[in-house]
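Okay, so here's the structure we're looking at.
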Amino acid sequence: MADGLTPSRLAEVLGEEPAPEGEWAREAGYVSAAALRRRVPADELAGRVRALDGVSRVEVRENGFLRIVVSVPGELLATLEPIDVPEPGWPDFPRTWDNPGFVVRYAHARACAVRRWARDLGVPSSGFRAELLDHPLDRRVLRVLAELPGRRRSREPGWESYLPRLALAYHDAHERAPAVPVGDEEPGPVHTARLRLAEAVRMVLRGPDRL
């Protein structure tokens, strides 16, 4: 993972971190206006980005923006740092899906439960393989997580809309792309990868460990 193509490595070439674009269901795309801001030829900068391992494609748009498609979107977890997201002050009740506070806190509690269940079921915490986070629901969570650097820098990060989006994406992944073995299934590398994804969600969302 240390050698993976993370947004930070892209930033080293671009001079700034790119912003995620699209849904990531089929391909993970970023967009960057670095060529315009740095006043360098877009084709030249695109060539430097294409030379990076893990870049599938780079397009130069008519407006000078670069669109960068990466091969393994899960590698962004390698440089995802803890972030102190302010609590919007949602009420605890009602505990229904209409209450964004419940949606967010329940997602946090589920991510915490995954850690406990993984330990009990023997899911290894080491050996993370980012390429295994390729299920559309895993990719949806990654797509929302990819917004964190930009939102953290923004004067208007929009946490009140962002946190429920992340929580809802994680609820879907938790239920339909489980991070722990089901039935007679043996623990495998995909569970380790999803455990890392759950840890990232737990790190961003606030709430109790159990709900």
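Numbering of residues begins at 1 and proceeds along the displayed sequence.
Under a 3.5 Å cut-off, the side chain of Glu131 and the backbone N or O of Val72 do not form any donor-acceptor pair. Here the side chain of Arg202 pairs no donor or acceptor atom with the backbone of Ala111 at under 3.5 angstrom. In this structure, His191 contributes its side chain and Ala118 its backbone to no donor-acceptor pair below 3.5 Å. With hydrogens and angles disregarded, no donor-acceptor distance shorter than 3.5 Å links the side chain of Asp138 to the backbone of Arg194.
A distance of 7.5 Å separates CZ of Arg152 from CH2 of Trp159, quoted to the nearest 0.5 Å. Note that NE2 of His171 is 9.5 Å distant from CG of Leu166, once rounded to the nearest 0.5 Å. Atoms CZ and CG, on Arg119 and Leu195 in that order, are 10.5 Å from each other to the nearest 0.5 Å. Put simply, CG on Leu163 and CZ on Arg105 are 11.0 Å apart, with the number rounded to the nearest 0.5 Å. With values rounded to the nearest 0.5 angstrom, Thr96 atom OG1 is found 13.0 Å from Tyr106 atom OH. Interatomic distance, CZ of Arg48 versus CG of Asp43, reported as 12.0 Å (0.5 Å rounding).
Between Leu145 and Leu197, the closest side-chain pair of non-hydrogen atoms falls below 4.5 Å. Counting heavy atoms from C-beta on, the side chains of Arg116 and Arg210 come closer than 4.5 Å. Contact annotation: the side chain of Leu148 approaches that of Tyr162 to within less than 4.5 Å [non-hydrogen atoms, C-beta and beyond]. Between Trp117 and Pro178 the shortest side-chain heavy-atom distance does not fall below 4.5 Å. Taking the side chain as every heavy atom from C-beta outward, Glu160 and Pro100 never approach each other to under 4.5 Å. Between Leu10 and Val70 there is a side-chain heavy-atom pair separated by less than 4.5 Å. Considering only heavy atoms from C-beta on, Glu59 stays 4.5 Å or farther from Ile68 through its side chain. Between Leu142 and Leu77, some side-chain heavy-atom pair lies under the 4.5 Å cut-off.
Nearest heavy atoms, Leu66 versus Leu14: CD1-CD2, 4.1 Å. Closest approach of Asp134 and Arg139 over heavy atoms only: OD1-NH1, 2.7 Å. The two residues Val141 and Ala169 make their nearest non-hydrogen contact at CG2-O, 3.5 Å. The two atoms that bring Gly64 and Ala42 nearest to each other are O-CB, 4.0 Å, heavy atoms only. Considering all non-hydrogen atoms of both residues, Leu205 and His108 come closest at O-CD2, 2.8 Å. Here the shortest heavy-atom pairing between Gly29 and Arg67 reads CA-NH2, 4.2 Å.
Side-chain heavy atoms closer than 4.5 Å link hydrophobic residues (I, L, V, M, F, W, Y) into clusters, and following such links, even through other members, never connects Leu137 to Leu133. Residue Tyr170 is grouped with residue Ile83 when hydrophobic side chains (ILVMFWY) are merged at heavy-atom distances under 4.5 angstrom, including chains of intermediate members. Linking Ile, Leu, Val, Met, Phe, Trp and Tyr residues whenever their side-chain heavy atoms come within less than 4.5 Å places Val204 and Trp24 in a single cluster. In the hydrophobic clustering of ILVMFWY residues, with side-chain heavy atoms under 4.5 Å counting as a link, Val69 and Val31 come out apart. Cluster annotation: Val55 is connected to Val40 through the hydrophobic network of ILVMFWY side chains, with a link wherever side-chain heavy atoms come within less than 4.5 Å.
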Please walk me through it: do Trp90 and Val103 pass side chain to side chain contact (heavy atoms under 4.5 Å, CB included)? CA-CA 10 Å; Trp90 290 305; Val103 172; over 6 Å; no
Side chain to side chain contact (heavy atoms under 4.5 Å, CB included) between Leu132 and Thr192: does it pass, once the steps are laid out? CA-CA 9 Å; Leu132 297 180; Thr192 298; over 6 Å; no
Step by step, would you call Glu17 with Tyr30 a side chain to side chain contact (heavy atoms under 4.5 Å, CB included)? CA-CA 9 Å; Glu17 288 195 354; Tyr30 290 89; over 6 Å; no
Could you go through the side chain to side chain contact (heavy atoms under 4.5 Å, CB included) check for Leu211 and Arg95 one step at a time? CA-CA 10 Å; Leu211 193 63; Arg95 290 186 172 178; 3.6 Å; yes
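A salt bridge does not link Glu23 to Arg143: none of the charged side-chain nitrogens sits closer than 4.0 Å to a carboxylate oxygen. The existence of a salt bridge linking Glu44 and Arg38 is excluded, since no basic side-chain nitrogen approaches an acidic carboxylate oxygen closer than 4.0 Å. Ion pairing between a basic and an acidic side chain is recognised when a charged N comes within 4.0 Å of a carboxylate O; Arg165 and Glu147 show such pairing. Ion pairing of Arg196 with Glu199 is absent here, as no side-chain N (NZ or NE/NH1/NH2) approaches a carboxylate O to less than 4.0 Å.
The environment of CD in Glu175 is crowded: more than 12 heavy-atom neighbours from other residues, nucleotides or ligands sit within 6.0 Å. Residue-environment remark: CZ (Arg26) stays at or below the threshold of 12 foreign heavy atoms within 6.0 Å.
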